There are 2 protein chains.
Amino acid sequence: MISQARSHSVKRIADSTVRRLSAYLRFLEESAVDGVETISSDALARRGGTTSAQVRKDLSFFGSFGKRGLGYSVPELTSSLRDILGLGREWNVIIVGAGKIGMALGQYEGFEQRGFHVTAVYDTDPGKIGTQWGSILVRDMSRVEADIAEVTPDIAVLAVPVGEAQDAADRLIRAGVKAILNFAPTQLQVPGDVSVRNVNMAMELEGLSFILSNRDR
Amino acid sequence: MISQARSHSVKRIADSTVRRLSAYLRFLEESAVDGVETISSDALARRGGTTSAQVRKDLSFFGSFGKRGLGYSVPELTSSLRDILGLGREWNVIIVGAGKIGMALGQYEGFEQRGFHVTAVYDTDPGKIGTQWGSILVRDMSRVEADIAEVTPDIAVLAVPVGEAQDAADRLIRAGVKAILNFAPTQLQVPGDVSVRNVNMAMELEGLSFILSNRDR
DNA sequence: ATACACTTGTGAATGATTTCACAAGCTCGG
DNA sequence: CCGAGCTTGTGAAATCATTCACAAGTGTAT
């Protein structure tokens, strides 16, 4: 048994580490398709844009998964990483906001593939409620509390206009949601036991704008 | 004159700093709408989920913008931040990939509002080429090099399927693109003079999954 | 059975970022 | 004009993250 994920003590794991673990997992999955059986920290690093020491350090927080002289078994490390990232189960996800982004997300296959099951999409617009997009039915936002009381979703994806984002978040949190993926370009105010991740395209573009503006000084 | 953006020496500015500057700018714009004239680092911090010392340190890399005892002038700091972030001009953006995400992005008003002008959308699918979505016409990807030779876009947004992302990036880079906003869930391999920002929804969900799985140990 | 080439796991060192803490500057009221 | 009350700007300290460097395993070839 090489795998021993989570037997380690609980130092707080940095966000950057978790992101890299995701990246390693993706690359491992690609490698498995190509029939690779074993992979070194160096190969993993090159592909992920980091260093081999970083890869080994990241993994060392959770256990020891490799064989000296040889590297890591692709299927074993894949399985360990899934386990570490909590992907060993299905997560229920609701999407709030059936605009362009909400609907694009609802139909994105990548979610289901990784165990994120979209159980419902909500909107307040009567013109949208009841419409079907692929396999997804848009439900009335006024029902969201009642629905959540029955089956609490693990994660809520917020894809509403910026002006409605805080209100929507407050409702979801009051109803018991503990994790939000926020697409609205605003910093949500949430209690400490609620986790938020932001996806903010304007901010990313501004980051590029900054880099381009400051390239050469 | 309080504003003195960019007169400072050029320590490398951390990515995290730039993201926070974006957040401050957004909040300043909201405050201006509410008629606020002056704001303290503490108010800025509370709203942005950071500390007042962090706000002041972030700004101090670029100059000194406040008045002791009073805080920052909202319009002056807004203008300074715009300047720092390189938002004093229009940036030309092309979108590559006219799938759901590409089209949602193309129609997102937030881009134009902040000076990111979408000049073209490209796809390889003959069924999509020539179609019009709002004001945006989908063009033939095979023309992209010729178009770029005429007017180099400042930023390319990559919204193609993961299997095509690296090839598309290579083409764009060969044609002279120096900044890419990548929505494909893959780590692009690019030369050192090309800047890439990644937006990866699966990775964000996995980050939440990790947090939810490790909450209580 | 041994030597060799390779790769991990991890303390220690370095580097980067955040927080602390406080002098200095500004405004306002009297 | 002076003192009280705020708030900035910034070195120094503390914390956090990455890189270095190497002992300790592992597989392979002879």
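Remember, it's a predicted structure, so these values are computed and weren't measured experimentally. Naming convention: chains lettered A, B, ... in sequence-line order (proteins, then strands); numbering from 1 in each chain.
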Flag, side chain of A/R215 to backbone of B/D193, donor-acceptor distance under 3.5 Å: yes

Side-chain heavy-atom pair B/D58, B/I13 within 4.5 angstrom cut-off: no

Distance in angstrom units between [X] [atom1] and [N] [atom2], rounded:
X: A/D15; N: D/dA17; atom1: CG; atom2: P; result: 9 Å
X: B/F61; N: D/dG11; atom1: CZ; atom2: P; result: 12 Å
X: A/F62; N: C/dT10; atom1: CZ; atom2: P; result: 14 Å
X: A/R19; N: D/dA17; atom1: CZ; atom2: P; result: 13 Å
X: B/I13; N: C/dA16; atom1: CD1; atom2: P; result: 13 Å
X: B/D58; N: D/dT8; atom1: CG; atom2: P; result: 13 Å
X: A/L44; N: C/dT8; atom1: CG; atom2: C1'; result: 13 Å
X: B/L77; N: D/dT7; atom1: CG; atom2: C1'; result: 14 Å

Can a side chain N or O of [X] be found less than 4.0 Å away from OP1 or OP2 on [N]?
X: B/Y72; N: D/dC6; result: no
X: A/Q54; N: D/dT19; result: yes
X: A/R12; N: D/dT15; result: no
X: A/T51; N: D/dT19; result: yes
X: A/S41; N: C/dT8; result: yes

B/E76/B/K67 ion pair, N-O < 4.0 Å: no

Per [X] side chain, nearest of listed nucleotides [options]:
X: B/T17; options: C/dT18, C/dT17, D/dT26; result: C/dT18
X: B/R68; options: C/dG25, D/dT18, C/dT7; result: C/dG25
X: B/R56; options: C/dA23, C/dC22, C/dG9; result: C/dC22
X: A/K57; options: C/dT18, D/dC22, C/dA12; result: C/dA12

Residue A/Q189 excluded, over 12 heavy atoms near CD under 6.0 Å: yes

Heavy-atom neighbours of A/E112 CD exceed 12 at 6.0 Å: yes

Sugar-phosphate, base or nothing in reach of B/S16, heavy atoms under 4.0 Å: sugar-phosphate

Earlier contact from the 5' end, DNA chain D, for A/L70 and B/A53: B/A53

